[in-house]
Q: 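One structure, pasted below without further comment.
Just so we're clear, the structure is a prediction, and the values are computed from it rather than from any experiment. Counting begins at 1 with the first residue of the sequence. The basis for the numbers below is simple: all heavy atoms, side chains too, and nothing from hydrogens, waters or symmetry mates.
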Amino acid sequence: MGVRGLHGFVGNACPNTCTVVNLKEMAEKYQIHQAGSTPIIVVDAMCCLRHWYTPESWVCGGQWLEYLSILQDFIKAFTTAGIKLVFFFDGVVEQKKRHEWVKRRLRNNKEISTIFQFIKARRQQPGRDMFFIPSGLATFTRFALKSLGQETVCSLQEADYEVASYGLQNNCLGILGEDTDYLIYNTCPYFSINKLCLDSLVTVMYSRENLCQSLGLSVTDLPLLACLLGNDTVPEGMLESFRQKCLSGYSSAKQNHDRRTNTILAVADYISRVLRLQQGMKDLEEMLPLGQNKTVFCRGVASYLLPGQQSPWLLQIPSLETSDEEEATMCSDSEILQIAKEQHVQAENYLVYNILSSGEIECSNTLEDELDPELPGQALIFRPFRQHIYSLLLEDSKDACRSCPIIKEWFVYFGNQLKQPELVQPIKLDIPGGTPSLRTLWLSKEAEVQAQRFNTFLACFHLWNEREELQVLENSLTALCCLLIYLLCQVDTLSLEDLNAFIAQTLCLQGKSAAQLSGLQKYWLTEFQKLKSLICKACMKNNRALQSRQRGNEFIRESESRRWDSNFERSHQPRFSSLYHNPNQWRGPRPYSTRFETDPSGRGYRSEDQSQKKRRFQYTPRWPR
């Protein structure tokens, strides 16, 4: 994020930019000078996930109580010092940064592949040096922080811009994160989360004023410097020849500095020595070799300007945002759209506003093994469920042809190169008595609407027939059963042992040692059998009989030999496609099921009956016992 190599540069070439500070002492001084005001630190939560999530078994991603305790300790350390925290999360990927988002997702896929290769070869948990954030952690952290009473914000723009704006407009004590863009924005002080010692609240503050002094620049020059060096908005390769020219003409280049350090120094020197002389007489297009990239470059510079700020390098500030008319095209009900927007900002829901406003959503990488032929990616498994959600949200926005708008999905899974979004068609829910409107579900306070909400929830999973059994359970157990029935009906290769593990983990693993687990009370066993029976019964209604399947070490040996097969990747995709059900079609005969010949991305699925599939595919264990 931000300007590549800038953190290393300030640490090595401009050490006076980094100052060790005590946040508790700064808060005390703030309260003296700002009587009656509470010192606020605005937290870039996306930068902090790696710092917060420290459990050793990070591949499993299930240490929820441990993670929640870490968040509680983090919050307590600041509140004890009289500091209020406001947490910001990314809520959207801006179109100008989509290319960078895609590039990082594809790079992450390679990292994840290496992790699974390590697990299979070593049969042990990878060390922290291979750490990858567990799937869904950012989403779960939002709700965890809200449950702990913290102010949590989901951004409508790139989160770093909203963080910098909030810090400036609310006279905050500072920003806590790890993104060099906070050195570029002209906002409140920037503190490092990576250098933070929680016990003492000591960390490093990066001073943009000292950085400018070292480079011979002013603070208003920093956005220009960032764009000339390349960032998330202006691709690094766009001005490579320009940087080469600066470097070749830079007489003060030092041999003891690396190339990146000398490049930053050379570009800063060119700004202060050459561009400043022409400033005011010419615009950037005449001073720099921008060509057709002028608009992208100028927008990059303008993206660093917070509300009320101007740049001496831009004669005219380019427009950065879409109009409200463009924003509301997917939803015809302005009140519903406004409610969704407010809930989005307050981090009370997930992706709903993105669907209603732009009809375009994304899902980042998940910890999935691309070489495992048994399990399709979660993006594909849950697509039928999402299609029902899309229909529910957009039912009132049908066009004259009575068809719901198409949703653009940027979901990461093996085989998807993300060259363009996949166009996904919403699928109408089939609920006895009809599907209630979104306005009714969200706004109505009538008593019978609560039952309609529950019925709609079950209909998304096609579990209307299990209504009586499910409605007597606790909400958390109802959600678990719906999810497991869905997964078991969608994925043939899940076994009875998988079901046992899921239910047992839910009921009896919280806070129990191995010794305690060996002596489980009769009550937990009863609950276990009750849920297991309910789920198996629902699966049988959908022609899905769960089978027992013991797992041994064969998968380790087989995967090792397959990993070195150069033809595996080419042969993997067609086998992969036939191992899961058509995303547009629910498993089993249903009076309201819809059959398609292709999935929403346009790729066809080969039809083959179960006997053919069993002859072609031999079950192999995924993990050692």
Q: Look at the side chain of N12 and the backbone N and O of G8, then say whether any donor-acceptor pair between them is shorter than 3.5 Å.
A: yes
Q: Does any pair with a residue in residues 68-98 pass ring-ring contact (aromatic ring centres under 6.0 Å, His included), and if so which ones, sequence neighbours excluded?
A: W52-F74, W52-F87, F74-F78, F88-Y166
Q: To check you understand the geometry: which heavy-atom pair defines the closest contact between V301 and S311, and what is its length?
A: CG1-OG, 4.0 Å
Q: If we check side-chain hydrogen bond (donor to acceptor under 3.5 Å, both in side chains) with D232, which of these qualifies: R4, H99, R104?
A: R104
Q: Between D258 (side chain only) and T261 (backbone N and O only), is there a donor and an acceptor less than 3.5 Å apart?
A: yes
Q: Examine distances only and state if a side-chain atom of R260 and a backbone atom of G5 form a donor-acceptor pair shorter than 3.5 Å.
A: no
Q: Quiz question: by atom type and distance under 3.5 Å, do the side chains of E368 and T366 form a donor-acceptor pair?
A: yes
Q: Just wondering, more than 12 heavy atoms not from K146 lying within 6.0 Å of its NZ?
A: yes
Q: For R208 and Y185, indicate whether the former's side chain and the latter's backbone hold a donor-acceptor pair under 3.5 Å.
A: yes
Q: Just do the side-chain contact (heavy atoms from CB on, under 4.5 Å) check on C154 and Q343 with the steps written out, would you?
A: CA-CA 9 Å; C154 193; Q343 292 182 349; over 6 Å; no
Q: Show the nearest heavy-atom pair for residues N22 and S200, with the distance to one decimal.
A: ND2-O, 3.5 Å
Q: Mind running side-chain contact (heavy atoms from CB on, under 4.5 Å) on V204 and T19 for me, showing each step along the way?
A: CA-CA 5 Å; V204 166; T19 306; over 6 Å; no
Q: With no hydrogens and no angle check, is any side-chain donor or acceptor of S155 less than 3.5 Å from a backbone partner on G91?
A: yes
Q: Which atom names give the shortest non-hydrogen contact between C14 and L211, and what distance separates them?
A: SG-CD1, 4.4 Å
Q: Hey, which of V267, V3, V234 is the one that makes side chain to side chain contact (heavy atoms under 4.5 Å, CB included) with L228?
A: V267
Q: Are R50 and E178 close enough for a salt bridge, meaning some N to O gap below 4.0 Å?
A: no
Q: For L176 and D44, run side-chain contact (heavy atoms from CB on, under 4.5 Å): C-alpha distance rounded to whole Å, both residues' side-chain angles, the deciding distance at 0.1 Å, then the answer.
A: CA-CA 6 Å; L176 186 62; D44 186 336; over 6 Å; no
Q: Any ion pair linking E94 and K97 (charged N to carboxylate O, less than 4.0 Å)?
A: no
Q: Working to the nearest 0.5 Å, report the span between CG of D333 and CG of L356.
A: 9.5 Å
Q: Distance from D160 atom CG to D181 atom CG, nearest 0.5 Å?
A: 5.0 Å
Q: Any donor-acceptor pair under 3.5 Å linking the side-chain atoms of T233 with those of R299?
A: no
Q: Looking only at non-hydrogen atoms, find the nearest pair between S135 and L367 and report the distance.
A: OG-N, 2.9 Å
Q: Measuring from atom CD1 of I41 to atom OH of Y30, what distance do you get when rounded to the nearest 0.5 angstrom?
A: 11.0 Å
Q: CZ of R98 to CG of L418: how many Å apart, nearest 0.5 Å?
A: 9.0 Å
Q: So, do I355 and M330 sit near enough that their side-chain heavy atoms are less than 4.5 Å apart?
A: no
Q: So V352 and H344, do their side chains get closer than 4.5 Å, heavy atoms only?
A: no
Q: Under the 3.5 angstrom rule, does the side chain of N416 hit a backbone N or O of F411 as a donor-acceptor pair?
A: yes
Q: Quick check: does any side chain N or O of H51 sit under 3.5 Å from a backbone N or O of C47, one acting as donor and the other as acceptor?
A: no
Q: If I compare all heavy atoms of R453 with all of S444, which pair ends up nearest, and what's the gap?
A: NH2-O, 2.9 Å
Q: Quick one about N109 and N365 (side-chain donor to acceptor, distance below 3.5 Å, no hydrogens or angles considered), yes or no?
A: yes
Q: Decide yes or no for E335 and R439: does some side-chain heavy atom of the first lie under 4.5 Å from some side-chain heavy atom of the second?
A: yes
Q: Any donor-acceptor pair under 3.5 Å linking the side chain of S391 with the backbone of H388?
A: no
Q: How about R383 and Y413: do any of their side-chain heavy atoms sit closer than 4.5 Å?
A: yes
Q: So, do L247 and N262 sit near enough that their side-chain heavy atoms are less than 4.5 Å apart?
A: yes
Q: Quick check on the 6.0 Å ring-centre criterion: do F191 and Y182 meet it?
A: no
Q: Below 4.5 Å, heavy atoms only, C-beta onward: do V92 and Y353 meet side chain to side chain?
A: no
Q: Over 60° means perpendicular and under 30° means parallel, so classify the ring planes of Y67 and Y53, tilted if in between.
A: tilted
Q: With a 4.0 Å cut-off, would you call K96 and E158 a salt bridge?
A: no
Q: Are any non-hydrogen side-chain atoms of Y304 and N186 less than 4.5 angstrom apart?
A: no
Q: Are H7 and Y206 close enough that their ring centers fall under 6.0 Å?
A: yes
Q: Quick one: CG on L145 to CZ on F140, what's the gap to the nearest 0.5 Å?
A: 13.5 Å
Q: Are any non-hydrogen side-chain atoms of T152 and Q346 less than 4.5 angstrom apart?
A: no
Q: Under a 3.5 Å cutoff, is there a donor and acceptor pairing between the side chains of N16 and S214?
A: yes
Q: Would the number of heavy atoms belonging to other residues, nucleotides or ligands and lying under 6.0 Å from CD of Q213 be above 12?
A: no
Q: Are the side chain of S272 and the backbone of D269 linked by a donor-acceptor contact shorter than 3.5 Å?
A: yes
Q: Going through the distances and angles, do N354 and E362 end up as a side-chain contact (heavy atoms from CB on, under 4.5 Å)?
A: CA-CA 9 Å; N354 304 54; E362 56 280 320; 4.3 Å; yes
Q: Check E409 with R386, please: is the shortest side-chain N to carboxylate O separation under 4.0 Å?
A: yes
Q: With rounding to the nearest 0.5 angstrom, report the SG to CD1 distance, C227 to I184.
A: 9.0 Å
Q: On the ring face of F131, is R128 found with NZ or CZ under 6.0 Å from the centre and within 45° of the axis?
A: yes
Q: So which atom in A27 and which in P39 form the shortest heavy-atom distance, rounded to 0.1 Å?
A: CB-CG, 3.9 Å
Q: For the side chain of E162 and the backbone of A159, is there at least one donor-acceptor N/O pair under 3.5 Å apart?
A: no
Q: Applying side-chain hydrogen bond (donor to acceptor under 3.5 Å, both in side chains), run through W410 and E360 and close with a yes or a no.
A: CA-CA 8 Å; W410 296 90; E360 187 170 21; 2.5 Å; yes
